[in-house]
Amino acid sequence: MDMELELGRLNPAQREAVMSTEGPLLVLAGAGSGKTRVITMRAAYIIHLGVPAGSIVAVTFTNKAAREMKERVGRMLETKKKPPIVSTFHSLCLNILRREIETLGYRRDFTVYDTAEQVSLLRHLLSDIRVYEKSFKPDDVLATISRIKNEFNKKTVRSESGEFDVEAFSETVFPRYQETMRSLNVVDFDDLLLLAVRLFREHPDVLERYRERFRYLMIDEYQDTNKIQYDFIRLLAGERKNICVVGDDDQSIYGWRGANLRNILDFESHFPGARVVRLEQNYRSFGNILKAANGVIKNNKKRMEKSLRTSRGDGAKVCLYRAEDGEDEAQWVAGTISRIKYEKKIPYDDFAIIYRANTLSKPFEEALRAVRIPYTVVGGTSYFERKEIKDLASYLKAIANPSDDLSFLRASSAPKRGIGATTTGKLAGLAKTHSISLYEAFGRAGEVEGVGEKAARAAAGFAALLDKYRKRFFNGSGQMGKAFRELSEEIGFNGYIGELYKSQEMALRRMENVENFIESLSRYEMAADKPTLQGFLEELALDGPPEEKKDENKNFGVVLTTFHSAKGLEFPVVFIACLEEDILPHKKSALPGEGIEEERRLFYVGITRAMRELYLTCAGSRVRYGKFVPSTPSRFLEELPAGVVRKIGRLEPESPAEEELRAKAFFARINEMLGE
DNA sequence: GTTAGTTCTGTTTTT
DNA sequence: CAGAACTAAC
C-alpha cells in the first residue's frame with residue numbers, strides 16, 4: 001500500500017489521529033466519521049514506521065468488531081507483513097492467563113464458564129443453602145457478583161432488583177460461589193479481566209514483560225469500558241502511555257452494564273498531556289438527519305462538546321408519523337417501505353426498523369409478513385436453540401477439565417444412562433469426603449456402599465468412557481474431529497435428540513446443529529496453528545457456537561433491530577418506531593440525569609444510523625400486556641429542531657403525489673406476487 | 001423424572 | 001397476551 005497516498009485521502013483530523021503515534025491520544029469519533037478507517041490505518045501506519053506488528057494491540061468489545069478490523073488491517077498491509085494483534089478484552093486476557101495463571105496459583109488447564117453455566121452452578125449452590133432459596137434469584141445474584149468483580153469493590157453489594165439478604169450474600173453465597181468455581185477449576189467471564197488485573201498488580205515482573213511486548217495500545221468503543229477494563233488498560237499502558245482510545249461519549253449506551261462514561265470524559269486528566277482529536281466530519285448522513293441528531297443530543301449535560309458536519313446537502317426532511325395505534329403504525333411502516341422500494345428501486349436490506357425493546361418487533365413482523373416483505377429480526381435470545389450443543393459441549397468440557405463436576409454431571413445424563421439422582425448423590429458424597437472430583441468418584445463407584453451393582457457399573461463405565469476419549473483428544477494426532485464424531489455415535493446422541501423432540505422436523509433441525517457443531521471442531525482443527533481441545537473450547541466460550549456459515553455483512557430483507565444492536569450499523573432508510581413515553585425514555589430508565597441522558601443517546605444512536613431517509617413513528621395507543629393503553633409521544637420528539645421535520649398523520653394526509661405513488665407501489669407488489 | 005397446569009412478569013446484551 | 005418459571009401430580 002502506498003502510505004503517502006492513503007494518508008492524502010484522509011481529512012486533516014483523521015490524518016492527525018493516524019499520525020499521532022506516541023503518547024496518549026483520545027479520538028472522539030462522531031457517528032459515521034470514519035472511525036474504523038482511522039484505527040485500521042493508524043495500525044498500518046505504525047507498522048509502516050517500522051514498529052513490529054506484534055507490539056501493536058487493538059482491543060475491541062465484540063468478536064465481530066475484532067474480525068472486521070483484522071480483515072481491514074490485513075487488506076491494508078503488504079501480504080507478507082504480519083498483522084497486529086486484534087482481540088477482544090476477554091480473549092486478550094484469556095491468552096495472557098493461559099500462559100501466566102499458574103503464577104496466581106491456578107491450574108493451567110482451567111476452562112471458562114458461560115452465563116448459562118454460571119446460573120446452573122448457582123442453582124446447585126443455592127439449593128445447598130436451603131434457607132435462602134426464595135429470595136435469591138439467580139439472575140439477581142449473578143448481576144451482583146458481576147458488579148463486584150467489575151467494580152473491584154465489595155462495598156457496593158446490593159440486591160439488583162428483588163431484595164435478598166445482603167449479609168447472607170457476602171458471608172455465604174459469594175464466597176461459596178468463588179470457592180466452587182475455584183475447585184471446579186473454572187473461571188467466569190468477569191474473572192478473565194479480574195485475574196489479569198490481579199496478575200499485573202501482584203506480579204510487577206509479569207506486568208513489565210507485557211508492557212515491553214505491547215508497546216502500542218488501541219482501544220475501540222472506549223465509551224463502553226468499565227472500571228476493571230480501565231484498570232487493565234492503565235496498567236498495560238505504563239509509563240510509556242502509547243495509548244490511543246477511540247470512542248464517542250454520545251454513543252455510550254451500556255451504562256446499565258457497568259460502562260463508565262467518566263473513562264472517556266476524564267481521559268485527559270487520567271492521562272495528562274493527552275492529545276484530543278475530534279472527528280466531526282460525517283460521511284454517512286444527509287444534513288437534515290444530522291441536524292436532527294445534533295438538536296437532540298445537545299440537550300445532554302454530561303458530554304464533550306462536538307457537532308457533526310456533513311458535506312452532503314440537506315437531503316429529505318425527517319418524517320414524523322403519528323399513528324392511531326400500534327397496528328396502524330406497523331402497517332404504515334410496511335406500506336412506506338413498499339412505496340420507497342418501488343420508487344427508488346432499492347433492495348429490502350437497505351431498510352431498517354429500530355425500536356427500544358425486542359418485544360416491540362411483533363407488530364412489524366406481522367405487518368411485513370402480510371405484504372410479503374422479507375425481513376430479519378436481529379438479536380433476541382435464542383439460547384433455547386442450543387440445548388443439544390450445550391449437552392454435547394459438556395462432554396468436551398468434562399474431558400478437557402476433569403475437575404469440572406458440573407459439565408461432568410450434565411454429560412452423565414445426556415443421554416440418560418441409568419445413573420439417577422440417588423447414585424449421583426452418593427458419589428457426590430464420596431467426592432466431597434475425599435476431596436476428589438466427581439469424575440474420580442464415578443471411577444470408584446464400586447467401592448461405595450449403598451450403590452447398587454448396576455448403577456456402579458454404569459457410573460464406572462461412564463468415567464471409563466471419558467477416559468478413553470480423553471486419551472484420544474490429547475494424543476496430539478490431530479484427530480479430534482474424528483474422535484468427537486465417534487463419541488457422539490458411541491453415546492447414541494442422535495437417538496437421544498430424536499427422542500427429545502416430538503416433531504420429526506424439530507429433531508432433524510437439532511441433528512443438523514449437532515452435525516454442524518461436530519464439523520466445527522474439524523474446521524477448527526484444520527484452521528488453527530496448534531489446535532487443542534482447550535483452544536476450541538475457548539473459541540466456543542468467547543465467540544459462541546459457530547452458526548451455519550452465514551455472511552455476517554449480508555442481511556436478508558428489512559432489518560428489525562433494537563437501538564443497542566443497531567450501534568455501528570448504517571442503512572439508507574431508517575424507521576425509528578414506538579417513540580412514546582415509557583418506551584423510549586423507558587419507564588425504568590427515565591430517572592433524571594444519568595438515566596434520561598442514556599435514553600437520549602439511544603435515540604441519537606438510532607437517528608445517526610440513517611444515511612438518506614429517516615422516518616420517526618409513534619402511536620396514540622398500543623396494546624401492552626394484552627390491553628389497549630393510550631400512549632403519549634416521546635419527549636425527545638420535541639427536541640427535534642424546527643425545520644427539519646415534516647409531520648404526517650391522520651389529520652395531515654399525505655400529498656396526492658405520495659398517495660399515487662403508494663397506489664402504484666401496491667399494484668407493483670401484486671404483479672410481483674403474481675409473477676412468483 | 002417428566003408433563004401438564006398455574007402463576008408471575010413484562011429493557012437494553014457481550015464476553 | 002405470551003413466555004418463563006414454578007408446582008403438583010403421574
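Chain identifiers are assigned alphabetically (A, B, ...) following the order of the sequence lines, protein sequences preceding nucleic acid strands; residue numbering begins at 1 within each chain.
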For this session: Please tell me if the side chains of A:E117 and A:R410 come closer than 4.5 Å, counting only heavy atoms from C-beta onward.
Result: no
Exercise. Among B:dT11, B:dT12, B:dT15, which is the nearest nucleotide to the side chain of A:K588?
Worked result: B:dT11
For this session: Using side-chain contact (heavy atoms from CB on, under 4.5 Å) as the criterion, list what pairs up with A:E539, not counting sequence neighbours.
Result: A:Y524
Exercise. What class does the angle between the rings of A:Y254 and A:W256 fall in, given that below 30° is parallel, 30 to 60° is tilted and above 60° is perpendicular?
Worked result: tilted
For this session: Tell me what A:K587 touches on the nucleic acid: a base, only sugar-phosphate, or nothing, going by heavy atoms under 4.0 Å.
Result: nothing
For this session: Find which nucleotide of DNA chain B each of A:I253 and A:A541 is nearest to by heavy atoms, and output the residue with the more 5' nucleotide.
Result: A:I253
For this session: Looking at every strand, decide which applies to A:Y254 at a 4.0 Å heavy-atom threshold: base, sugar-phosphate, or nothing.
Result: sugar-phosphate
For this session: Report yes if the ring of A:H586 lies under 5.5 Å from the six-membered base ring of B:dT11 with planes under 30°, and no otherwise.
Result: yes
Exercise. From C:dG3, B:dT15, B:dT13, pick the nucleotide closest to the side chain of A:H90?
Worked result: B:dT15
For this session: Tell me whether A:W256 is stacked on the nucleobase of B:dT12, counting only the six-membered base ring and applying the 5.5 Å and 30° thresholds.
Result: yes
Problem set entry | Axial cation check for A:F563 ring with A:R356, 6.0 Å and 45° limits | no
For this session: Pick base, sugar-phosphate or nothing for A:F61, based on heavy-atom distances below 4.0 Å to the nucleic acid.
Result: sugar-phosphate
Exercise. Does A:T562 get its side chain close enough to the base of B:dT13, under 3.5 Å, for a donor-acceptor pair?
Worked result: no
Problem set entry | Atom-pair distance (CG on A:L142; P on B:dT13), nearest Å | 18 Å
Seminar exercise, completed: Which of B:dT15, B:dT13, B:dT11 is nearest the side chain of A:L542? It is B:dT15
Exercise. Over how many whole Å does the gap from A:I228 atom CD1 to B:dT15 atom P extend?
Worked result: 18 Å
For this session: For A:N63, answer base if it contacts any base atom (sugar-phosphate contacts may also be present), sugar-phosphate if it contacts only those atoms, and nothing otherwise; contact means non-hydrogen atoms under 4.0 Å.
Result: sugar-phosphate
Exercise. How about A:K149 and A:F189: do any of their side-chain heavy atoms sit closer than 4.5 Å?
Worked result: no
Exercise. Nearest to the side chain of A:S565, which nucleotide is it out of B:dT13, B:dT15, B:dT2?
Worked result: B:dT13
For this session: Would you state whether a donor and an acceptor, one from the side chain of A:T88 and one from the base of B:dT15, lie under 3.5 Å apart?
Result: no
Exercise. Taking the side chain of A:R356 as heavy atoms from C-beta outward, which of B:dT15, B:dT12, C:dC6 is closest to it?
Worked result: B:dT12
Exercise. Considering only B:dT12, B:dG1, B:dT15, which nucleotide approaches the side chain of A:T62 most closely?
Worked result: B:dT15
Exercise. Which of the following nucleotides, B:dT14, C:dG3, B:dT15, is nearest to the side chain of A:K362?
Worked result: C:dG3
